[in-house]
Amino acid sequence: MEPNEIPSQYQPQDSEDRVYQAWETSGFFNPDNLATRKKPFTIIMPPPNANGSLHIGHAVFVTLQDIMARYKRMRGFKTLWLPGADHAGFETQVVFDKKLEKEGRSRFKIPRDELYQEMLAFTLENKKIMEGQLRKLGASCDWSREKFTLDPDIVAKTQQAFVEFYNKGLVYRGERIINWCVKHQTALADLETSYVEKKDPLYYFQYGPFVIATARPETKFGDKYVVMHPGDIRYAKYKDGDTLDLEWINGPITATIIKDDAIDMSFGTGVMTITPWHDAVDFDIAERHKLPKVQVIDRIGRLLPIAGEFAGMKIADARPLIAEKLKAKGLLAKTDEAYDHKIAVCYKCNHPIEPQILPQWFLKMKPLAQKAIEAAEKGKVAFIPPRFKKIYFHWLRNIRDWNLSQQITWGIRIPAWFKRESEIKNQGSRENMEDVYVGMTPPEGKGWEQDPDVFTTWFSSGQWPFLTLGYPNSKDYKTFYPTDVMETGWDILFFWVARMVMLGIARTGKIPFKTVYLHGLVRDKDRQKMSKSKGNVIDPLGVAEQYGADALRMALIIGNLPGNDIIISDDKIRGYRNFANKIWNATRFLLMQIGTPPATKKVKYGAKEKAMLVKLKRLTADVTKDMENYRMHHAADKLYHFFWHYYADKVIEEMKPHLDAPDGTTEKETAKALLLEFHRTLITLLHPFMPFITEEIWKHLPKENAKGRTQKENLLIIEKWPTT
RNA sequence: GCGCGCUUAGCUCAGUGGUAGAGCGACUGUUUUACACACAGUAGGCCGGGGGUUCGAUCCCCUCAGCGCGCACCA
């Protein structure tokens with residue numbers, strides 16, 4: 001194309017797809033094709049959940065990771081950025097449940113295999129869409145190594161990890177209290193619950209000589225233990241283990257005194273009864289004192305026969321009636337009608353959590369956590385920003401055993417078998433531990449049935465860095481593991497990052513990455529988290545289509561400090577669209593001036609030019625230093641200002657008079673050479689940030705060592721980073 | 001309750017131990033042939049309050065306030 005044929009406005013849509021295709025066919029996304037390079041640089045992409053399309057938050061990680069990958073590639077590293085997709089167990093189950101609900105169906109009425117196949121098709125469809133979106137954003141990841149969390153090898157190795165943990169005694173089957181979501185019919189991790197403020201009546205009931213306060217009278221049917229602090233002088237006359245007869249909801253009972261220092265003497269009357277089956281604190285007390293535990297509420301939130309006349313009722317309906325009955329019996333001391341408290345809810349559906357005791361598979365965390373703590377203490381894994389290290393420590397030091405089981409269809413089936421079908425299905429029953437088998441293949445003999453549960457999705461994604469690389473024997477694993485950077489959102493520090501460190505050390509003996517870079521969440525200009533229900537989502541693909549992927553990337557990187565949430569608006573993106581246009585027009589001007597073929601003569605720069613080149617060197621050094629220190633936001637900002645307000649406003653303007661000199665004169669040739677030098681350097685420095693426009697421009701710029709190189713070898717993507 | 005972050009121009013945010021910065025927005029000019037998605041320029045800030053360290057603090061320390069967030073079993 002002749003310079004004067006270049007349009008005066010940059011049209012990203014005209015070249016982006018073509019440019020991406022040139023990269024992809026060049027093979028340079030694949031480190032195997034960077035054959036002469038020795039030192040590896042590895043980023044494993046956090047696999048996006050394949051249950052929808054990418055949103056603007058994904059575009060942030062794509063931008064950050066692509067900048068790192070492209071920079072390292074230009075610095076001569078054998079660079080691998082490995083893409084993937086996550087089946088995202090519970091999250092996808094929730095999305096799919098909603099879809100079924102809209103169609104008037106329910107997963108509880110669909111045969112397991114049928115449902116699984118339907119969900120697989122749904123997920124693979126989304127996965128395909130996401131791959132296209134990643135390309136659109138310019139992701140220079142190695143598609144030949146793409147992994148999915150349900151790839152057969154990932155599934156097998158995840159199950160194997162479980163079996164080996166079991167054989168080492170780290171995994172156990174435990175009947176422990178868990179967070180039960182009545183709507184989704186599954187256990188949730190503590191991390192998967194949130195709290196909402198609520199105003200409820202707080203009832204004060206006469207319980208023999210005591211007054212007990214509760215917001216949940218419907219759980220009180222089985223309460224036969226009354227607990228107080230051992231140091232509470234008000235109740236000094238009662239001794240641990242004393243019994244007393246008293247009248248309760250459904251008749252007379254014998255209650256037993258328990259002394260436990262979990263009781264807060266200052267709350268209410270300092271006395272409470274316990275419901276170990278439906279409350280975590282009560283469960284712990286019951287465990288300490290070896291008390292029996294009685295189930296009162298079933299898994300769909302209805303009262304069991306122990307509730308007498310209330311059996312079969314929904315708890316919400318039964319609650320006022322039970323309070324009414326106690327009042328009628330003269331056992332209601334008082335009611336605080338507007339009691340403010342927080343209740344645990346499912347983080348997806350906001351339904352109240354109903355704690356339940358259920359047999360589940362647990363992984364002992366203390367030994368794993370200890371090593372993960374040491375790794376960070378010794379600085380073997382660094383956090384950006386560093387403040388997250390504290391948060392990481394706090395969580396790991398207070399960690400509890402991890403429930404790996406979830407009662408959903410979608411996920412990796414747990415490789416465990418039980419002998420007695422009836423007991424597994426019969427809720428609340430105890431299993432005979434003798435009849436459990438854990439192994440990679442079903443056990444011999446008759447009567448075994450596989451655990452219907454699946455692993456929490458984080459158990460497989462927690463092993464992602466080494467499973468994707470073909471642990472334990474592949475060449476890739478040996479070359480690229482441990483990886484260099486884990487770049488993800490701070491919101492999944494516990495869910496994912498801490499678990500990757502723990503499982504990485506436990507399985508491979510190595511810390512899976514050297515640096516953890518935690519980016520912020522994207523919010524709209526009113527600081528709201530973007531969500532479909534609020535209708536404030538920015539579709540990254542729509543934006544990329546309208547303003548160009550490069551403009552979007554710049555808008556997402558500039559002002560985006562690690563760990564800080566960023567505000568994004570249409571205005572900001574448009575500002576960087578303008579910048580892309582500035583670059584485009586500066587190029588147009590340059591090409592018009594230098595002509596084709598360009599000047600190749602060696603020139604001697606004068607003092608003014610030398611001073612300008614010093615500034616260019618200094619910028620190169622600054623930007624490089626920022627890149628080495630993960631200050632991508634800063635590097636991008638500096639390049640923006642330098643290009644526009646120094647190079648375009650000053651250097652080009654000052655060279656204009658010299659360009660008016662006749663062709664071939666030193667004056668003109670010097671000016672041309674200077675501009676070309678600036679242009680090449682800046683386009684190269686800008687490439688990691690704005691890959692499409694820079695690659696497109698690079699094609700038109702005269703190359704220094706183009707001779708003997710193939711077309712693809714002239715691509716900017718593998719051009720050397722300017723020396724400092 | 002424990003912990004963390006933020007507070008700088010109307011908005012969104014950079015920033016440094018030594019006379020305050022950018023983008024967007026506003027205002028005034030300019031169709032000056034690379035770019036009006038532009039150019040030249042203007043206005044606008046006791047850098048949250050108080051105290052301390054220092055020759056000097058927006059930056060370091062203490063404290064207070066406001067906002068936001070994370071963790072946590074208050075019945």
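Numbers restart at 1 for each chain; the letters A, B, ... are given by sequence-line order, proteins then strands. Quantities reported herein were computed from a predicted structural model and do not represent experimental measurements.
- A/Lys656 comes within contact range of at least one nucleobase, with a heavy-atom separation under 4.0 Å.
- One cannot find a donor-acceptor pair under 3.5 Å joining the base of B/A40 and the side-chain atoms of A/Glu653.
- Legend: residues meeting salt bridge (Lys or Arg N to Asp or Glu O under 4.0 Å) with A/Lys656, ordered by chain and number and at least two apart, are A/Glu653.
- Annotation: ring pair (Phe, Tyr, Trp, His ring centres under 6.0 Å) contacts of A/His351 (sequence neighbours excluded): none.
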Contact list (N/O, under 3.5 angstrom) for nucleotides 37-39 of chain B vs protein:
residue: B/C37; atom: O4'; partner: A/Asn578; partner atom: OD1; Å: 2.8
residue: B/C37; atom: O2'; partner: A/Asn581; partner atom: ND2; Å: 3.3
residue: B/C37; atom: O2; partner: A/Arg577; partner atom: NE; Å: 3.0
residue: B/C37; atom: O2; partner: A/Asn578; partner atom: OD1; Å: 3.3
residue: B/C37; atom: N4; partner: A/Gln9; partner atom: OE1; Å: 2.2
residue: B/C37; atom: N4; partner: A/Gln9; partner atom: NE2; Å: 3.3
residue: B/A38; atom: OP1; partner: A/Asn578; partner atom: ND2; Å: 3.2
residue: B/A38; atom: O3'; partner: A/Lys582; partner atom: NZ; Å: 3.1
residue: B/C39; atom: OP1; partner: A/Lys582; partner atom: NZ; Å: 3.0
residue: B/C39; atom: OP1; partner: A/Trp644; partner atom: NE1; Å: 2.4

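- Shown here are the side chain to side chain contact (heavy atoms under 4.5 Å, CB included) partners of A/His633, two or more places apart in sequence or in another chain: A/Leu561, A/Pro562, A/Arg631.
- Residues passing the side chain to side chain contact (heavy atoms under 4.5 Å, CB included) test with A/Ala498, sequence neighbours excluded: A/Tyr392, A/Trp395, A/Leu396.
- Not a single salt bridge (Lys or Arg N to Asp or Glu O under 4.0 Å) links A/Asp14 to another residue, sequence neighbours left out.
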Please tabulate, for side-chain N and O atoms in residues 188-195 of chain A, each donor-acceptor pair with protein atoms closer than 3.5 Å (sequence neighbours left out).
residue: A/Asp190; atom: OD1; partner: A/Asn179; partner atom: ND2; Å: 2.8
residue: A/Asp190; atom: OD2; partner: A/Arg400; partner atom: NH2; Å: 2.6
residue: A/Glu192; atom: OE1; partner: A/Ala189; partner atom: N; Å: 2.8
residue: A/Thr193; atom: OG1; partner: A/Asp190; partner atom: O; Å: 2.8

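- By the 4.5 Å heavy-atom criterion applied to side chains, A/Val381 and A/Thr515 are not counted as neighbours.
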Write out a two-atom table: protein N or O, nucleotide N or O from nucleotides 69-75 of chain B, distance below 3.5 Å.
residue: B/A72; atom: N6; partner: A/Lys342; partner atom: NZ; Å: 2.7
residue: B/C74; atom: O2; partner: A/Asp264; partner atom: OD2; Å: 2.5
residue: B/C74; atom: N3; partner: A/Asp264; partner atom: OD2; Å: 3.4
residue: B/A75; atom: OP2; partner: A/Tyr339; partner atom: OH; Å: 2.8
residue: B/A75; atom: O2'; partner: A/Ala213; partner atom: O; Å: 3.1
residue: B/A75; atom: N6; partner: A/Asp264; partner atom: O; Å: 2.6
residue: B/A75; atom: N6; partner: A/Phe267; partner atom: O; Å: 3.1
residue: B/A75; atom: N1; partner: A/Asp264; partner atom: N; Å: 3.2

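- For A/Ala671, the side chain to side chain contact (heavy atoms under 4.5 Å, CB included) test picks out A/Met655, A/His658, A/Leu659, with sequence neighbours left out.
- With sequence neighbours excluded, the residues satisfying ring pair (Phe, Tyr, Trp, His ring centres under 6.0 Å) with A/Trp584 are A/Tyr10.
- For the C1' atoms, the distance from B/G1 to B/G52 is 30 Å, rounded to whole Å.
- There is a side-chain donor-acceptor pair under 3.5 Å between A/Gln360 and A/Asn403.
- Looking at A/Glu669 and A/Lys672, a side-chain N of the basic residue comes within less than 4.0 Å of a carboxylate O on the acidic one, giving a salt bridge.
- Distance noted for atom C1' between B/A34 and B/G45: 36 Å (whole Å).
- A close approach under 4.0 Å does occur between a side-chain nitrogen or oxygen of A/Asn564 and OP1 or OP2 of B/A14.
- Atom CG in A/Asp622 sits roughly 14 Å away from atom P in B/G15 (whole-Å rounding).
- Applying the ring pair (Phe, Tyr, Trp, His ring centres under 6.0 Å) test to A/Tyr235 and every residue at least two apart in sequence or in another chain returns A/Phe210.
- Spacing between atom CZ of A/Phe643 and atom P of B/A22 amounts to 20 Å, rounded to whole angstrom units.
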* Asked: How would RNA chain B look in dot-bracket form, 5' to 3', counting Watson-Crick and G-U wobble pairs with both distances under 3.5 Å and writing | for bases paired to another strand?
  -> (((((((..((((....[..)))).(((((.......))))).....(((((..]....))))))))))))....
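- Under 4.0 angstrom from either OP1 or OP2 of B/C4 there lies at least one side-chain N or O belonging to A/Lys390.
- Atom P of nucleotide B/A34 and atom CG of A/Leu590 are separated by 13 Å, given to the nearest angstrom.
- Contact check, A/Lys389 against B/C4: no side-chain N or O comes under 4.0 Å of OP1 or OP2.
- Spacing between B/C71 and B/C61 at atom C1', rounded to whole Å, works out to 28 Å.
- Comparing B/G23, B/A34, B/G15 by their nearest atom to the side chain of A/His634 picks out B/G15.
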